[in-house]
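Below: one structure, written as structure tokens.
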Protein chains: 2
Amino acid sequence: MKKEIVKINQLWTDIYYQLRYTHQEKITHQSIRIMQVIEKENEVGIKEIAKAIQVSHNTASEHIKRLMEKEYVFKSRSSKDERKVILRLTELGGEVLHRHSSLNEEKLEHLLYEKMSSEERQLILDAFTLMRERVNDVYNR
Amino acid sequence: MKKEIVKINQLWTDIYYQLRYTHQEKITHQSIRIMQVIEKENEVGIKEIAKAIQVSHNTASEHIKRLMEKEYVFKSRSSKDERKVILRLTELGGEVLHRHSSLNEEKLEHLLYEKMSSEERQLILDAFTLMRERVNDVYNR
DNA sequence: ACGAATATATCTTATAATACGACATTAATT
DNA sequence: AATTAATGTCGTATTATAAGATATATTCGT
């Protein structure tokens with residue numbers, strides 16, 4: 001493995017460790033992964049969840065039941081196929097997922113607006129934008 | 001909240017979602033958080049774990065027992081204070097944590113070395129390096 | 001129109017994870 | 001020697017996780 005790759009991963013995990021949210025609510029690993037899929041993909045139903053986290057469809061259904069009890073997720077039905085569930089995050093669910101996968105906004109603002117010049121800030125934004133664009137080229141056809 | 005902050009978080013989570021490892025072993029949320037602390041901090045013992053994940057010391061001790069059974073973690077004792085445990089990740093533990101918090105090395109290599117020029121690659125590396133440096137200035141004295 | 005296939009839901013059962021209080025042990029401190 | 005600090009263990013309770021069996025509703029194929 002090239003050493004730049006290892007280096008970037010080191011930087012990535014260091015940045016996340018320092019800038020993540022703390023004092024987060026209790027939540028399970030599966031719940032986070034499920035909510036990530038719902039947020040990042042379109043038209044996600046029970047079957048897609050089961051595939052994404054590698055469990056049976058009935059287990060996936062139980063997960064969703066629990067997430068609905070916590071009001072992190074709600075269901076609607078596809079208009080094209082009334083058998084199919086379409087899952088979405090509630091506002092609360094979105095906030096919870098944010099606190100478990102995003103960078104702390106206050107810390108990020110402090111870093112970008114008080115510890116960096118506008119040129120440095122632009123460098124960060126350009127790099128992330130480039131990376132996301134190229135990633136999309138690779139993984140979404 | 002400034003819109004650049006929200007934008008960067010959007011990019012951050014998109015990049016992670018696309019580049020993360022898939023088909024990961026079953027692991028609990030608490031296990032990952034504990035291993036992150038062990039990897040990123042020095043001289044972590046039971047007390048530090050308890051504080052980091054906000055549980056009692058006996059619960060933290062049980063977590064460590066389970067992680068040792070799985071051979072993700074091992075203990076030694078501080079030479080300065082023989083009461084104090086010092087936790088470290090085993091090689092296996094390091095790999096497991098990697099698969100649950102880092103970017104997939106194959107995907108990253110493909111992205112950086114086949115989809116980017118060396119200038120673009122350098123931009124990414126510079127941006128991450130800058131970000132990590134400044135983060136360290138802020139959060140480590 | 002009708003049986004087959006698909007998507008989801010529910011119920012039961014089993015195991016593992018999570019957490020805490022109470023109590024015990026060992027090493028350091030005073 | 002008594003106290004404090006760091007950790008470990010036991011008992012107990014709750015929740016999470018997962019699968020199989022079974023059921024229901026919708027759509028597809030002919």
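Labels below follow one simple rule: chain letters A, B, ... track the order of the sequence lines, proteins then strands, and each chain is numbered from 1. All values reported here derive from a predicted model rather than from experimental measurement.
Using a 4.0 Å heavy-atom cutoff across all strands shown, T28(B) reaches sugar-phosphate atoms only and no base atom. Looking at heavy-atom distances under 4.0 Å, E62(A) makes contact with a base. Residue K51(B) is classed as having no contact, given no heavy-atom separation below 4.0 Å to the nucleic acid. At the heavy-atom level, N58(B) lies under 4.0 Å from base atoms of the strands shown.
Taking atom CZ on R83(A) and atom C1' on dA23(D), their separation rounds to 16 Å, with Å as the unit. As a whole-Å value, the separation of I53(A) CD1 from dA16(D) C1' is 12 Å. As rounded to whole Å, 14 Å separates atom P of dC28(D) from atom NZ of K84(A). In this structure, CD of E82(A) is placed 11 Å from C1' of dT27(D), rounded to the nearest angstrom. Remark: P of dT15(D) and NZ of K70(A) are 10 Å apart, rounded to the nearest angstrom. Distance H57(A) NE2 to dT17(D) P: 19 Å, rounded to the nearest Å. Distance I27(B) CD1 to dA16(D) C1': 16 Å, rounded to the nearest Å. Rounded to an integer number of Å, the gap from CD1 of I34(A) to C1' of dA18(D) is 12 Å.
Across the interface with DNA chain D, nearest-nucleotide mapping of V55(A) and S61(B) shows S61(B) to be the residue nearer the 5′ end. Residue order along DNA chain C, read from the 5' end via each residue's closest nucleotide, puts K47(A) first among K47(A) and Q54(B).
Below the 3.5 angstrom threshold, one finds no donor paired with an acceptor across the side chain of S56(A) and the base of dA19(D).
Think of L97(B) as one node in a network of Ile, Leu, Val, Met, Phe, Trp and Tyr side chains linked at under 4.5 Å; its network also takes in Y17(A), I27(B), I32(B), I34(B), M35(B), V37(B), I38(B), V44(B), I46(B), I49(B), I53(B), V55(B), I64(B), L67(B), M68(B), Y72(B), V73(B), V85(B), L87(B), L89(B), L92(B), V96(B).
R66(A) and Q30(A) share no side-chain donor-acceptor pair at under 3.5 Å. With hydrogens and angles left out, the side-chain atoms of T129(A) and K7(B) include no donor and acceptor closer than 3.5 Å.
Looking at D14(B) and V135(A), their side chains never come closer than 4.5 Å, going by heavy atoms from C-beta outward. Within the 4.5 Å cutoff, the side chain of I8(B) has no heavy atoms near those of the E109(A) side chain.
Proximity of H29(A) to the phosphate of dA16(D): no side-chain N or O atom is located under 4.0 Å from OP1 or OP2. Between K26(B) and dA18(D), a side-chain N or O to OP1/OP2 separation shorter than 4.0 Å is present. One finds a side-chain N or O of K75(B) lying less than 4.0 angstrom from the OP1 or OP2 phosphate oxygen of dG8(D).
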Checklist entry - Is there a salt bridge (Lys or Arg N to Asp or Glu O under 4.0 Å) between K65(B) and E62(B) once you walk through the steps? => result CA-CA 5 Å; K65(B) 195 204 275 180; E62(B) 302 269 12; 3.8 Å; yes
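Checked against H100(B) for a side-chain hydrogen bond (donor to acceptor under 3.5 Å, both in side chains), the options E25(B), Q36(B), R20(B) give a single hit: E25(B).
For the pair Y16(A) and W12(B), the tightest heavy-atom approach, listed with the atom from each and the gap, is CB-CZ2, 3.7 Å.
A nucleotide of DNA chain C counts as in contact with chain B when one of its atoms lies under 4.0 Å from a heavy atom; the first and last such, 5' to 3', are dA17(C) to dA28(C).
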